[in-house]
Colleague: 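Pasting a structure here, questions to come.
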2 protein chains.
Amino acid sequence: MLGATELLRDLPDEALVRAHACARVERLPGHHRIFEQGDRCERAYAVAKGSVSIVQAGSDGGQAIIRFIAPGEMFGTVPLFTDHMLPADAITAEPSVVLSWSEADINALIDAYPRMSMNIIRVIGTRLVELQDRVRELATQRADQRLARALLRLSRHDGNGELAFPLRRKDLAEFSGTTLYTASRMLTAWARAGVLTSIGRRILIHDRAALHFLAEGRSLP
Amino acid sequence: MLGATELLRDLPDEALVRAHACARVERLPGHHRIFEQGDRCERAYAVAKGSVSIVQAGSDGGQAIIRFIAPGEMFGTVPLFTDHMLPADAITAEPSVVLSWSEADINALIDAYPRMSMNIIRVIGTRLVELQDRVRELATQRADQRLARALLRLSRHDGNGELAFPLRRKDLAEFSGTTLYTASRMLTAWARAGVLTSIGRRILIHDRAALHFLAEGRSLP
DNA sequence: CGCTTCTTTGAATTTCGTCAAAAGGCGTGG
DNA sequence: CCACGCCTTTTGACGAAATTCAAAGAAGCG
């Protein structure tokens, strides 16, 4: 199962065994803070089960959700290689299992298997491109377009279905750069139009095509 | 001089010689497009002299400036390691000298000097953190705060002085997520207040502290 | 000097955030 | 099992912020 994590992809079995040997495994309840913005970064993390949200707070109260982490994805890893300051909070969005490795172990693994550094480059390169898209969207698009795009991003990429994460309106708003009020308004409007339904903290997408229309600024057909 | 580029930092002289041998050097006029969004990525670039802006356009006409590249910084490099699709345009902001290396040469260099992959990780890790900050700002702050922050980012970090890049109002707007009209209004207001002066495409900061106030949402003292 | 590009400024409009308040859900503990 | 309190969602009304449109100056460049 470790072989499915993006950090350890395409590594020989021997490397997986070694990574497994030095991994710390933690079962955490929902809404548990794994690390805090400003903490010193001393471990590399990955989600095995459940989900984690990465939340950044500004010196004013403003918060934004930078990213949701799904099983198999790593997080909190980049600062190990830069300035060792964690730039955001990590909070479980539901009961989750989280793996982590000490900095020393990670460095030893990278030395032993240079392909790992290529994996890291590929992963953070992909995230960089995603964030660039979000910067452009936040800079140029309306709130409804961004919210529709957020739903598309959070839904599994194949066909219709449930969002991959349990979300409150507040979370959705902080992820798409708006307020929970406008997020609520738009969701109820779209639910009325049959695009989606919202049950508790789960959202089901019925009409992906409609969301694409909305994300491009067109109105519902 | 190559040793000053972030890509080749801390490498032995022998590596610099080799990098120099296979580098392509180009003198380009201002507003020259180096590559285009959607192109296949086949080279790694760095600015030796001048400056380059990285501009992303959406399927609607909306444009955003993702980043300005100063001498010594690399650009267009990440997609070499991911999907080989360039996610944005690169355009010289003034007459510039641009270095580039073929993918094969870069890979050969990385194989020979594994420290280079660590350099790459450090560089794109740093950019990732910067972009996270911008996402939060775009999501939570007002246009005037973002514009003030943009000016702070673009000015040299020590004391007052001239911005590092020649900028039109449109560029400033596309970099801070607003329109050229509001950017113009705010700049003239701040110029009247003595915070800065604008001469042609160059902006001089007189009162960095005031910009910090503005970026935090407070009004001018 | 004439042209293009860029900047400024005003006025109207839209979008969106803010505030307030009511209604709904959910879990805990009695 | 019910009642209570807390958290979340919904909805309306209002106002502030920022975009849009229009048009006139200003500045650079051939």
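Below, read A as the first sequence line, B as the second, and so on, with proteins coming before strands; counting in each chain starts at 1.
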Colleague: Would you kindly give the CD-to-P distance between A/Glu174 and D/dT9, to the nearest whole Å?
Modeller: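 About 12 Å, once rounded to whole Å.
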Colleague: May I ask you to decide if the ring planes of B/Tyr45 and B/Phe75 are parallel, tilted or perpendicular, using 30° and 60° as cut-offs?
Modeller: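 Rings of B/Tyr45 and B/Phe75: parallel, as their planes differ by under 30°.
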Colleague: Apply side chain to side chain contact (heavy atoms under 4.5 Å, CB included) to A/Thr197 and list each qualifying residue two or more places apart in sequence or on a separate chain.
Modeller: A/Leu204, A/His206
Colleague: Collect all protein-nucleotide pairs involving nucleotides 3-5 of chain D in which both atoms are nitrogen or oxygen and the distance is under 3.5 Å.
Modeller:
none

Colleague: So that I can tick it off, tell me whether B/Glu94 and B/Arg202 are bridged by a salt bridge, with the cut-off set at under 4.0 angstrom between side-chain N and carboxylate O.
Modeller: yes
Colleague: For A/Arg208 and A/Ser155, test the side chains for any donor-to-acceptor distance below 3.5 angstrom and give the result as yes or no.
Modeller: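 Yes, A/Ser155 and A/Arg208 have a side-chain donor paired with an acceptor closer than 3.5 Å.
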Colleague: In whole Å, I'd like the distance from the CD atom of B/Gln63 to the C1' atom of D/dT19.
Modeller: 17 Å
Colleague: Contact between A/Val52 and A/Leu28 at the side-chain level, heavy atoms closer than 4.5 Å - yes or no?
Modeller: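 Heavy-atom side-chain distance check fails, nothing below 4.5 Å.
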Colleague: Does a side chain donor of either A/Thr92 or A/Ser96 reach within less than 3.5 Å of an acceptor in the other side chain?
Modeller: no
Colleague: How many whole angstroms separate atom CG of A/Leu214 from atom P of C/dT15?
Modeller: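 Result: 14 Å.
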Colleague: Provide, to the nearest angstrom, the distance between the CG atom belonging to A/Leu167 and the C1' atom belonging to D/dT9.
Modeller: 14 Å
Colleague: Using five base pairs at each end, measure the axis-to-axis angle across the helix from C/dC1-D/dG30 to C/dG30-D/dC1 and round it to 10 degrees.
Modeller: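 End axes: 40° apart.
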Colleague: Once salt bridge (Lys or Arg N to Asp or Glu O under 4.0 Å) is applied, what residue pairs with a partner in residues 70-86 of chain A remain, sequence neighbours excluded?
Modeller: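 Listed once each, the pairs are A/Arg67-A/Glu73.
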Colleague: Where is the tightest heavy-atom contact between A/Met74 and A/Ile69, given as atom of each residue plus distance?
Modeller: O-CD1, 4.0 Å
Colleague: Can a salt bridge be assigned to the pair A/Glu137 and A/Arg146 using a cut-off of 4.0 Å between side-chain N and carboxylate O?
Modeller: no
Colleague: For nucleotides 16-20 of chain C, list the nitrogen or oxygen atoms of the protein found under 3.5 Å from its nitrogen or oxygen atoms, one pair per line.
Modeller:
{"residue": "C/dC16", "atom": "OP1", "partner": "A/Ala143", "partner atom": "N", "Å": "2.7"}
{"residue": "C/dG17", "atom": "OP2", "partner": "A/Thr178", "partner atom": "OG1", "Å": "2.8"}
{"residue": "C/dG17", "atom": "OP2", "partner": "A/Thr182", "partner atom": "OG1", "Å": "3.2"}
{"residue": "C/dT18", "atom": "O4", "partner": "A/Arg185", "partner atom": "NH2", "Å": "2.9"}

Colleague: Could you check whether atom NE2 of B/His31 has more than 12 heavy atoms from other residues, nucleotides or ligands sitting under 6.0 Å from it?
Modeller: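 Yes - once you tally the heavy atoms of other residues, nucleotides and ligands closer than 6.0 Å, there are more than 12.
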Colleague: For A/Leu172 and D/dT10, what is the distance between atoms CG and P respectively, to the nearest whole Å?
Modeller: 11 Å
Colleague: Atom pairs under 3.5 Å, N or O on each side, protein against nucleotides 28-30 of chain D: can you list them with distances?
Modeller:
none

Colleague: Between B/Arg192 and B/Arg168, which residue's closest nucleotide on DNA chain C lies nearer the 5′ terminus?
Modeller: B/Arg168
Colleague: Do the side-chain N or O atoms of A/Ser184 get closer than 4.0 angstrom to the phosphate oxygens (OP1, OP2) of D/dT10?
Modeller: yes
Colleague: Quick one: label B/Arg202 by what it contacts on the DNA or RNA (base, sugar-phosphate, nothing), any heavy atom closer than 4.0 Å.
Modeller: nothing
Colleague: What integer distance in Å separates A/Lys170:NZ from D/dC7:P?
Modeller: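 Between P of D/dC7 and NZ of A/Lys170: 12 Å.
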Colleague: Hydrogens and angles aside, do A/Arg169 and A/Ser198 bring a side-chain donor and acceptor to less than 3.5 Å of each other?
Modeller: yes
Colleague: Quick one: B/Leu196 CG to C/dT7 P, roughly how many Å, whole number?
Modeller: 14 Å
Colleague: Measure the spacing between NZ of B/Lys49 and CG of B/Leu99 and express it to the nearest 0.5 Å.
Modeller: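 CG of B/Leu99 is found 12.5 Å from NZ of B/Lys49.
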